[in-house]
Amino acid sequence: MWKPPDPDSFNAVVWTIVKQIPEGQVATYGQIANMIPPPDGVIPPDYNRLGARWVGNAMNSTPDGEGIPWQRVINSKGEVSLPKGSPGASKQRTLLEDEGIKFSDKGRINFKVYGWNGPSKDWLDEHGFYPPKKFRDDADDPKQMNLF
DNA sequence: CGTTTGACTACGC
DNA sequence: CGCGTAGCCAAAC
C-alpha cells in the first residue's frame, strides 16, 4: 500500500506540480495525486483516492508568498472544497473569477472548459511524473490549436 | 493514548 | 443528479 514519504518532501512535490497549472485553468486533488509516482513503483487500483487527501493537506499548508496558485486546485466535483462559507472559500472563488473562470449557478466549474490537461510531456519526463487525466481532447485544447 | 477530523474520491441507490 | 458510505491516514484533540 502506498503512503507518502515524509510529509515535507511530499508537500514540496505537490507544490512543484501545482505551480505548473496555468492561469485560468483548474486541476483536481486526485489528478495531482495521480501524477506523483509511488516510492515502490506499484500503482494500486484506487491510487488517486489514496493521495487526494494528502494533496488536500499539502494545499492546506501552502506557504504564502511563494507564488503557488493553490486556488487552482479543486475537488472532483468541480467545486471549491474549502468549508462552505469560510473566508478561504470565498477568497478562492474570487481569485478564480479574477482569472476569468466562470462558476455555474450551483457553484461548479466546468472541467471541459477550464480543466487542466497537465504539463508538457517534456516537463513530465524531466521530473519523472506520470501524465494526468485529461479533461479535453488535445485537439480542443486552445493551447494546441495553432501549434500546427 | 483512543477518537475525531479533514481543501478527497469512487461507487451504489 | 443528489446523498450516503466506505476507505484512506496524518494531525489535532
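Convention: sequence-line order gives letters A, B, ...; per-chain numbering from 1.
Across all strands, A/Lys106 comes closer than 4.0 Å only to sugar-phosphate atoms, never to a base (heavy-atom distances). In this structure, A/Asn60 reaches the bases: a heavy-atom distance under 4.0 Å links it to at least one base atom across the strands shown.
Comparing atom distances between the A/Pro83 side chain and each of B/dT9, B/dA7, C/dA10 picks out B/dA7 as nearest. Closest to the side chain of A/Leu50, from the set B/dA7, C/dC8, B/dT9, is C/dC8. The side chain of A/Asn48 sits closest to B/dT9 out of C/dC8, B/dT9, B/dA7.
Nucleotide C/dC3 holds its C1' atom 9 Å from the NZ atom of A/Lys77, rounded to whole Å. Distance, A/Leu82 CG to B/dT5 C1': 15 Å, rounded to whole Å. Here the C1' atom of nucleotide B/dA7 and the CG atom of A/Leu95 are 14 Å apart, to the nearest Å. Whole-Å rounding puts the A/Leu96 CG to B/dA7 C1' distance at 13 Å. Rounded to an integer number of Å, the gap from A/Gln31 CD to B/dC8 P is 16 Å. Counting to the nearest Å, the P atom of B/dC8 and the CD atom of A/Glu79 are 11 Å from each other. The nearest whole Å value for the distance from the OH atom in A/Tyr29 to the C1' atom in C/dG7 is 19 Å. Rounding to whole angstrom units, CG of residue A/Asn75 and P of B/dA10 are separated by 10 Å.
Atom CD1 of A/Ile68 and atom CD1 of A/Ile17 lie 12.0 Å apart (nearest 0.5 Å). Going from atom CH2 of A/Trp70 over to atom OG1 of A/Thr62 covers 8.5 Å, rounded to the nearest 0.5 Å.
Looking at which nucleotide of DNA chain B each of A/Ser76 and A/Asn57 is closest to, the 5′-most match is held by A/Asn57. Nearest-nucleotide positions on DNA chain C place A/Arg108 closer to the 5' end than the other of A/Arg49 and A/Arg108.
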Practice item. Run the numbers on A/Lys134 and A/Trp116 for side chain to side chain contact (heavy atoms under 4.5 Å, CB included), then give the verdict. Key: CA-CA 7 Å; A/Lys134 289 180 184 300; A/Trp116 182 45; over 6 Å; no

Exercise for review: Determine, stepwise, if the pair A/Trp54 / A/Val14 fulfils side chain to side chain contact (heavy atoms under 4.5 Å, CB included).
Suggested key: CA-CA 9 Å; A/Trp54 294 316; A/Val14 171; over 6 Å; no

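Side-chain atoms of A/Arg53 stay outside donor-acceptor range of the base of C/dC9, with no qualifying N/O pair under 3.5 Å.
Atom P of B/dT4 sits at a distance of 16 Å from the matching atom of C/dT5, rounded to the whole Å. Distance check on atom P: B/dA7 versus C/dG7 gives 22 Å, rounded to whole Å.
No option in A/Glu99, A/Gln92, A/Gln20, A/Gln25 other than A/Glu99 meets the side-chain hydrogen bond (donor to acceptor under 3.5 Å, both in side chains) test with A/Arg72.
Residue A/Arg72 places no side-chain N or O under 4.0 Å from the OP1 or OP2 atom of B/dA7.
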